[in-house]
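Just so it is clear, the model here is predicted, and its values are computed rather than measured.
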Amino acid sequence: MATRKAASHNSGELRLRPLRRAALPAATRALARFLIGKYVVHDVPQGRLCGRIVETEAYPPGDAAGHAYIGETRRNRALFLRRGHAYVYFAYGSSYLLNVSSESRGVGAGVLIRALEPRAGIAEMERRRGSKRLRDLTRGPGRLAEALGVDLRQNGVDLCGHGTLRLASDGRKPGAIGRSVRIGITKDAHRLLRFYERGNPYVSGSRRLNH
DNA sequence: AGTGCGATTGACT
DNA sequence: GTCAATCGCACTA
């Protein structure tokens with residue numbers, strides 16, 4: 001039984017299939033929920049960096065808290081691509097944040113990837129992060145982007161294509177999914193648009209929000 | 001050219 | 001738990 005558990009939770013045998021665009025739900029909230037348990041893969045010169053998504057936030061069309069709310073600008077352009085494209089931006093002078101565009105071309109909405117469970121390339125991710133505690137390697141949107149080597153170069157790339165950065169699935173269903181308000185915003189702060197896998201140690205946020 | 005403000009993080013009490 | 005660093009962006013003039 002110990003071996004069974006190891007097989008399901010360790011990175012040893014990781015069979016991933018690319019996520020085709022047609023498999024992505026065509027609405028922002030549904031996509032945010034769908035992405036829990038899926039994978040972000042980034043192939044870099046040092047090898048494959050990969051994490052399982054355990055926390056997301058939806059920023060639907062017309063959401064005052066979303067970057068697309070002000071209309072299309074040079075910075076948020078990628079949010080207006082059809083679903084499945086990367087929107088990466090630089091926040092607080094220190095962190096890159098990775099989002100997945102989530103609606104039809106021209107609409108403007110996205111899903112923020114807030115936390116990953118490290119699955120492959122852990123040594124290289126630790127090197128890129130300056131080797132902190134494993135628990136903090138990809139817990140938080142800025143941290144996971146740094147670990148995966150995601151920055152403005154990936155802004156606008158197709159995550160359902162054949163590029164080095166893409167989404168994937170292991171075909172398994174995730175554990176129980178919890179919801180809460182979104183973290184770090186002030187507008188529309190009451191909406192329950194944050195999704196996370198219950199009990200997963202790599203989920204960010206306070207105990208109160210992760211109940 | 002100047003201003004205000006974050007979809008955060010790491011250091012610290 | 002609290003708090004400030006940090007800088008690109010959008011907006012005003």
Side-chain angles (χ1 to χ4, degrees), chain A residues 27-36 40 51 53-81 83-103 107-118 125-156 159 165 167 178-197 201-211:
Chain A
T28 303
R29 198 175 335 200
L31 179 63
R33 192 181 189 291
F34 171 85
L35 286 176
I36 300 296
V40 179
I53 300 170
V54 297
E55 179 184 352
T56 62
E57 280 177 359
Y59 289 87
D63 173 20
H67 284 186
Y69 187 67
I70 58 175
E72 188 170 340
T73 68
R74 161 118 106 240
R75 179 209 207 188
N76 67 20
R77 180 188 76 79
L79 278 179
F80 291 81
L81 299 174
R83 69 185 190 276
H85 289 79
Y87 165 51
V88 182
Y89 71 95
F90 188 58
Y92 294 106
S94 59
S95 304
Y96 295 98
L97 277 70
L98 172 64
N99 300 253
V100 182
S101 67
S102 55
E103 299 278 342
V107 174
V111 174
L112 171 66
I113 309 298
R114 282 200 59 92
L116 302 176
E117 177 185 330
M125 291 196 285
E126 287 178 328
R127 191 188 69 73
R128 287 164 183 257
R129 285 267 303 134
S131 190
K132 309 273 187 329
R133 299 156 54 189
L134 177 61
R135 174 123 192 273
D136 291 337
L137 187 59
T138 52
R139 186 167 68 94
R143 291 167 176 165
L144 74 87
E146 184 175 31
L148 286 180
V150 169
D151 57 34
L152 262 22
R153 289 172 296 183
Q154 281 78 41
N155 188 34
L159 297 173
L165 182 67
L167 294 170
R179 297 170 91 198
S180 83
V181 296
R182 294 169 293 181
I183 294 177
I185 60 163
T186 54
K187 301 165 196 159
D188 274 338
H190 65 284
R191 305 180 72 184
L192 299 178
L193 293 176
R194 172 174 173 263
F195 299 87
Y196 57 93
E197 185 174 55
Y202 293 97
V203 172
S204 76
S206 67
R207 173 186 248 96
R208 178 185 151 263
L209 289 178
N210 295 337
H211 181 66

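- Without hydrogens or angle criteria, A:R143 side chain to A:R139 main chain gives a donor-acceptor distance under 3.5 Å.
- Within 4.0 Å (heavy atoms only), A:N99 reaches at least one base atom of the nucleic acid.
- The span of DNA chain B lying next to chain A, judged by atoms under 4.0 Å from heavy atoms, is bounded 5' to 3' by B:dG6 to B:dG10.
- Side-chain N or O atoms of A:E55 include one that pairs as donor or acceptor with a backbone N or O of A:S204 at under 3.5 Å.
- A heavy-atom distance below 4.5 Å is not found between the side chains of A:T138 and A:E117.
- The interatomic distance linking A:Y96 (OH) with C:dC7 (C1') rounds to 11 Å, in whole Å.
- For residues 53-70 of chain A, proximity to DNA chain C is found at A:I70, defined as any non-hydrogen atom under 4.0 angstrom from a strand atom.
- Less than 4.0 Å separates DNA chain B from at least one heavy atom of each of the following residues of residues 83-93 of chain A: A:Y89, A:Y92.
- If you measure from atom CG of A:N155 to atom P of C:dG8, you get 15 Å, rounded to the nearest angstrom.
- In this structure, A:S94 does not reach the C:dT6 phosphate: none of its side-chain N or O atoms is under 4.0 Å from OP1 or OP2.
- The aromatic ring centroids of A:Y59 and A:H67 lie 6.0 Å or more from each other.
- Looking only at side-chain heavy atoms (C-beta outward), A:I113 and A:I53 come within less than 4.5 Å of each other.
- Nucleic acid contact class of A:R129 (heavy atoms, under 4.0 Å, all strands): sugar-phosphate only.
- Within the 4.0 angstrom heavy-atom criterion, only backbone atoms of the sugar-phosphate kind lie near A:R75; the bases stay farther away.
- Around CZ of A:R129, the count of heavy atoms belonging to other residues, nucleotides or ligands within 6.0 Å exceeds 12.
- As judged by a 4.0 angstrom heavy-atom cut-off over every strand, A:L97 is placed among residues touching the sugar-phosphate backbone only.
- The main-chain N or O of A:G110 is never found under 3.5 Å from a side-chain atom of A:N99 such that the two would form a donor-acceptor pair.
- The nearest heavy atom of DNA chain B to A:K187 and to A:S95 marks one nucleotide each, and the one closer to the 5' end goes with A:K187.
- Base pairing in DNA chain B gives the following stems of 3 or more Watson-Crick or G-U pairs, range against range and under 3.5 Å: B:1-6 with C:7-12, B:8-12 with C:1-5.
- Side chain of A:R194 to backbone of A:A58: no donor-acceptor contact under 3.5 angstrom is found.
- With sequence neighbours excluded, no residue forms a salt bridge (charged side-chain N to carboxylate O under 4.0 Å, His left out) with A:R75.
- No donor-acceptor pair closer than 3.5 Å links the side chain of A:Y69 to the backbone N or O of A:G108.
- The backbone N or O of A:D151 lies less than 3.5 Å from a partner atom in the side chain of A:Q154, making a donor-acceptor pair.
- Legend: residues meeting ring pair (Phe, Tyr, Trp, His ring centres under 6.0 Å) with A:F90, ordered by chain and number and at least two apart, are A:Y96.
- Counting heavy atoms from C-beta outward, A:V150 and A:E146 have side chains that stay 4.5 Å or more apart.
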